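What you see is a predicted model, and the numbers here were worked out from it, not measured in a lab. Start at 1 and go down the list; that is how both ligands and their atoms are numbered.
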Amino acid sequence: MDNQALAALLFPDITKSIADYEALYPPRDLPDGAVVTRIAPSPTGFVHLGNLYNAIGERLARQTNGVFYLRIEDTDQKREVEGAVEAVIDAMNFYGVKFDEGATVEGETGKYGPYRQRQRKELYQTIAKSLVERGLAYPCFCTEEQLTEMRDEQMANKENIGYYGKYAACRDLTLEQVQEKISAGLPWVLRFRSSGDAEKMIPVQDGIRGELHVQENYTDFVLLKSDGIPTYHFAHVCDDHFMRTTHVIRDESWLATLPIHVQMFDTLGWQRPVYCHTATLMKMDGESKRKLSKRKDPELALSYYRAEGFPPEAVWLYLLTVLNSNFEEWHMANPDANSREFTFSLEKMSSSGALFDLAKLDNIAKDYLSRQSADMVYDGLLAWAKEYDTALAARMEAKADFFRAAISVGRGGDKPRKDYGSWAQAAKFLSFYDSETFVREDECPENVSAEDRKAILTGYLETLNFADTPEEWFAKVKELTEQLGYAVQVKKYKKNPELYKGSIVDVSNLIRVALTGRQNSPDLWEISHVLGEAETRRRIEEYQ
Ligand code: GLU
């Protein structure tokens, strides 16, 4: 076979050489140890949690004065959705992830572009052409039916699956045969001519997993599809080489095709990047663990956390806790430090199915929000409400001081309250303060009869004095409790329940329901002072 003639036949318009691209994209001038990494999402419109997780690379790049960039893997036009690139950029921005270069909403920035793969066709074809010239790639005209037949036969014979050896029907076509088929207008894909041995295991260093041993690739996999656009495998190798990526941080599902990738790097004589395969996000489903699924689990979409209003830092705290073995300890020692101050290392990342658990996120987020200032919570809630609950946003803006005061209740001190972890939860929780949204959700405590209800609330109103200190106020509640035959000490009530109608818990829960609509609430005295005397009296009277 005349490889030069075949290359010219297949790629008549390609005039550049690999050397041209080496000159165009020189090695980056960065300090030793600088990490150059990226996220490379496909513009499907679905930004998932894994995209954020893999954006952990940004922290590595920052720590080493390296580069973090955004590449758009848009080779599959069928799956492309309008506005998807904007959605990725917007989501990353929301989580504080900043790109040094790559695709932007307006276009792109950086010297290693284009950063959208479809604009790099000439580059891929140049590399492909050089492989044809070296006798390492050839056109394949097999139809889908032929390929299915081949697979069926391999399955029936219990043989290795794939296009290789005697099954590689187009491997040894002559130049004339190729010419004939091309003139007849038959579509073709370009395949790599692999000389790999299925019996051989080759070592690959993984930044997270250490040394891996993978089966050598023995299949003649596809480099270019029939429209001349590369497969993920070929594009990844060309792009990460010419964009001078040092670390490829990606999901562990790519481990299966890693043999193809290292074979390409080695064949092209390019230095392999450090592969870092991150653990797939799993969840418990009944008794068993399974992969998070786009179809079944809304929490796989990054938009879920924003819509629920989990603060971005809380999501990061959660992700780092689940995915990094030494993060939790650091966070416990530095509870108020931003997660960005944590020195992140790949070796400490989990390598097997990371268990995802919304209840844990909730706890972390509640703890996080309980440590924030009232101003931060007010601003965060307002920003969320402007997007997801405009009625709340309007009320918050009209009564800013009132909302700030409500948010301040139970905040600060050694044991701040942890009533909400997300803005949606906060909106729900705080709703009782505002008379416009106040509803009584809970019933009067069981131990309190209708008659006592009236007596307690009337007695409460009679002695209520807004000038009292909290201690004076509480002394009056105790007095009222005793007068009406309820136990002031819960212990005493529990010991001899027949001696009392109930305890101080019933009395105060009744006042709680009157005032907040719930049997569970922050400190009643503080709440009353946020509501003001008139509203406090109005609610108690209303419930008498
Ligand atoms: N487009 C691939 C994905 O979304 C990128 C994988 C990679 O980072 O190389 O899974």
Side-chain angles (χ1 to χ4, degrees), residues 35-61 66-81 84-85 87-89 91-92 97 99 101-103 112-120 123-124 204-209 212 214 221-223 225 229-265 270-281 291-294 300-303 323 346 349 351 354:
V35 168
V36 178
T37 188
R38 79 296 189 274
I39 55 166
S42 301
T44 58
F46 184 78
V47 187
H48 59 81
L49 199 55
N51 291 130
L52 184 63
Y53 176 24
N54 291 335
I56 197 77
E58 187 214 5
R59 298 183 183 212
L60 269 188
V67 175
F68 182 63
Y69 70 89
L70 173 65
R71 180 168 74 227
I72 300 297
E73 305 216 322
D74 56 359
T75 54
D76 189 353
Q77 217 166 345
K78 284 194 295 291
R79 293 174 61 214
E80 188 160 344
V81 164
V85 176
V88 170
I89 294 172
M92 291 300 142
V97 175
F99 298 104
E101 62 186 60
Y112 289 82
Y115 296 90
R116 286 170 173 80
Q117 288 183 326
R118 271 216 307 279
Q119 295 172 18
R120 301 171 64 80
L123 180 144
Y124 304 124
V204 184
Q205 282 304 326
D206 186 292
I208 296 173
R209 290 151 200 267
L212 302 173
V214 299
F221 58 91
V222 175
L223 298 167
K225 296 179 268 186
I229 295 288
T231 54
Y232 164 79
H233 315 300
F234 189 48
H236 144 56
V237 171
C238 296
D239 291 347
D240 283 313
H241 172 68
F242 284 111
M243 294 181 178
R244 308 294 174 181
T245 307
T246 62
H247 290 63
V248 169
I249 302 175
R250 61 181 185 187
D251 183 81
E252 70 179 312
S253 57
W254 295 109
L255 277 173
T257 43
L258 181 59
I260 291 181
H261 309 144
V262 294
Q263 187 179 38
M264 296 283 351
F265 272 102
W270 296 341
Q271 193 185 344
R272 296 180 194 170
V274 179
Y275 282 100
C276 306
H277 290 96
T278 54
T280 298
L281 300 168
K291 252 170 105 163
L292 277 174
S293 124
K294 201 162 143 179
L300 187 59
L302 210 45
S303 55
L323 301 167
L346 284 168
M349 279 175 97
S351 57

*Determine whether more than 12 heavy atoms belonging to other residues, nucleotides or ligands lie under 6.0 Å from atom CD of Gln271.*
no
Taking Thr246 for the side chain and Val36 for the main chain, is one N or O donor matched with an acceptor at less than 3.5 Å?
-> yes
For Arg250, the ligand 1 atoms with a heavy-atom partner under 4.0 Å come out as 7 (C), 8 (O), 9 (O)
So for ligand 1, is Arg71 a polar contact partner (N or O within less than 3.5 Å, distance only)?
no
Counting the benzene-type ring for Trp, do Tyr232 and Trp254 have ring centres under 6.0 Å apart?
yes
shortest atom 9 (O) of ligand 1-to-protein heavy-atom contact is with Tyr232 OH, 2.5 Å
_If only side-chain N and O atoms count, and only distance matters, is there a donor-acceptor pair under 3.5 Å linking Tyr112 with Asp239?_
no
Review point. Is it the case that more than 12 heavy atoms not belonging to Lys225 sit under 6.0 Å from its NZ atom?
Key: yes
closest protein heavy atom to atom 8 (O) of ligand 1 is Arg38 NH1, 2.8 Å
Numbered in order shown, the ligand 1 atoms found under 4.0 Å of a heavy atom of Glu73 are 1 (N), 2 (C), 5 (C)
Exactly one candidate in Glu252, Arg209, Arg250 meets side-chain hydrogen bond (donor to acceptor under 3.5 Å, both in side chains) with His277; the answer is Arg250
Logged contact type for His236 with ligand 1, heavy-atom cut-off 4.0 Å, is neither
Close N or O approach (Ala40, ligand 1; < 3.5 Å) | yes
